[in-house]
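Scroll down for the structure; my scribbles are underneath it.
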2 protein chains.
Amino acid sequence: MKIENPNISTEVKIKEAARRIFLEKGFAGCSSRDIAAEAGVNVALVNYYFRSKERLFDLIFKDEFDNFFSTMVETFSSDQLNLKEKLKIFISHEIDFLCKHPDLPQFLLTELKRCDDNSTEHSDKFSKISSTGVFAEFQQAQADGKIREIDLLSLSLLVMSNCHYPFLGRGMIMSIHQINEDQFLAHMEKHKEYVSEMLINYLFINNENK
Amino acid sequence: MKIENPNISTEVKIKEAARRIFLEKGFAGCSSRDIAAEAGVNVALVNYYFRSKERLFDLIFKDEFDNFFSTMVETFSSDQLNLKEKLKIFISHEIDFLCKHPDLPQFLLTELKRCDDNSTEHSDKFSKISSTGVFAEFQQAQADGKIREIDLLSLSLLVMSNCHYPFLGRGMIMSIHQINEDQFLAHMEKHKEYVSEMLINYLFINNENK
DNA sequence: AATTGTTTTAAACAAGCGTTTAAATTACTT
DNA sequence: AAGTAATTTAAACGCTTGTTTAAAACAATT
């Protein structure tokens, strides 16, 4: 008898507890018992619902990875916007998103490094970015003389650096500048404008601002 | 009898093995036996020479932390250079340095987060930056109308983002753009120029380039 | 060669790990 | 109310962890 109980709260409780713990401490930095304690359930239930710590982790990693890249790809997929608007909105959306998930960048980078199965495992996710056509769009704009001559690698790096780094280095930054998490997140509103202005000024050749 | 043997090679072997392992896997991601194996010595020797895994880690962390900040502070301490030159040289030196220590940024950020004793422990190291007078110099330049109106927090963020992020996100970047470590490091030479040009164009008001 | 102190070793320690088991409890069906 | 399946539990499993021990190997002095 298969009982389709809506009482899946234990499974969800464990998964959400694991999400919090994994994002904060990383896979190697926590134990199954940490997760069970956070969820307020018996240790055995972690394996009862998810078979192993690793399978539970993989589930959450995939979740967060997809979520992260969906957010990145979202704006680029629009047909309605020109490149400059896409970049502006991308920067704004990306920083907004990361303000709500400040631990995500470090989590993804750390665990990507740990697994190290970079070749074919996640490359289809990565290719979603190029399949939005945004790279081709940039190259066309370069051919048209609308944006500066710059390779796609450095272009990606400049954009990602300024959107993602604040959330990677925020611990250090907060220490140096003696501010707390809330002050830092509040500051990101201002920072969005600086990043947007700087990148657009640098990349786009015909500067009609705003 | 105190023997001042120059045969300290075992101690050094362990410390350098630990440095490699810690930088690659992090404190939580490796065991004492991993370190002993990397050094090619018995496990007990790790504790014989360094009392505990944690003390060995603290030694290496302090080393790397100091090394990292010395490199940052170095250029700023010069009296010979004006602000624009300082920034140019800082960017170049920083990226050169990180090309030789590509794992260092992720190591420091991960372990700073793990320890979380941000308040007074390392704040004296952090304050070395402001004690170079570079922050005051920036504020003076702002008052003189030489550089854009921007708070020190965002200014730091812009500079650090573009210098440090490439080495944090290089795993992801290498996957997306299908290149290997050597190609990535080689590309950093080009990237230095982009970063330098972009930041100087954005921050400094009177643009006489080069 | 015997004695010293230092270095290295194999083995073991308790504690914690991920995971499994088997029994107890709960929820549902008939 | 009885029986069945799903859930939860306490306890244990074998293994790895960081660390310690006690003996062996080594080096140096006398």
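Here is how names work: the chains are called A, B, and so on, in the same order as the sequence lines, proteins then strands, and each is numbered from 1.
Atom P of nucleotide dT20(C) and atom CZ of Phe50(A) are separated by 15 Å, given to the nearest angstrom. Rounded to an integer number of Å, the gap from CD of Glu54(B) to C1' of dT17(D) is 14 Å. Taking atom OH of Tyr49(A) as the reference point, atom C1' of dT19(C) lies 17 Å away to the nearest angstrom. The interatomic distance linking Ile14(A) (CD1) with dG18(C) (C1') rounds to 15 Å, in whole Å. When the C1' atom of dG18(C) is taken as reference, atom CG of Asp58(A) falls 15 Å away, rounded to whole Å. A straight line from NZ of Lys53(A) to P of dG18(C) spans 4 Å, rounded to a whole angstrom. Distance, Leu56(B) CG to dT19(D) C1': 14 Å, rounded to whole Å.
Between Arg170(B) and Asp103(B), at least one side-chain nitrogen of the basic residue sits less than 4.0 Å from a carboxylate oxygen of the acidic one, meeting the salt-bridge criterion.
Qualifying ring pair (Phe, Tyr, Trp, His ring centres under 6.0 Å) partners for Phe167(A), counting only residues two or more places apart in sequence or in other chains: none. Checked against salt bridge (charged side-chain N to carboxylate O under 4.0 Å, His left out), Lys86(A) has the following partners two or more places apart in sequence or in another chain: Glu137(A). Applying the side chain to side chain contact (heavy atoms under 4.5 Å, CB included) criterion to Ser92(A), with sequence neighbours excluded, gives Asp96(A), Lys192(A).
Side-chain N/O atoms of Thr71(B) and His93(B) include no donor and acceptor closer than 3.5 Å. Asn162(A) and Asn162(B) are linked by a side-chain donor-acceptor pair at a separation below 3.5 angstrom, with hydrogens and angles left out of the test.
A cation-pi contact, defined as under 6.0 Å to the ring centre and within 45° of the axis, is absent between Arg148(B) and Phe204(B).
Classified by interplanar angle (parallel below 30°, tilted 30° to 60°, perpendicular above 60°), the ring pair Tyr165(A)/His164(B) is perpendicular.
A heavy atom closer than 4.0 Å to some atom of DNA chain C occurs in Cys30(A), Ser31(A), Ser32(A), Arg33(A), these being the qualifying members of residues 24-36 of chain A.
At dT8(D), one or more side-chain N or O atoms of Thr10(A) fall inside 4.0 Å of OP1 or OP2 (strictly under the cut-off).
Sorted by first then second residue, the ring pair (Phe, Tyr, Trp, His ring centres under 6.0 Å) pairs that include residues 178-199 of chain A, not counting sequence neighbours, number zero.
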I'd like a table of atom pairs between the protein and nucleotides 20-26 of chain D - only N or O on both sides, under 3.5 Å - with the distance next to each one.
none

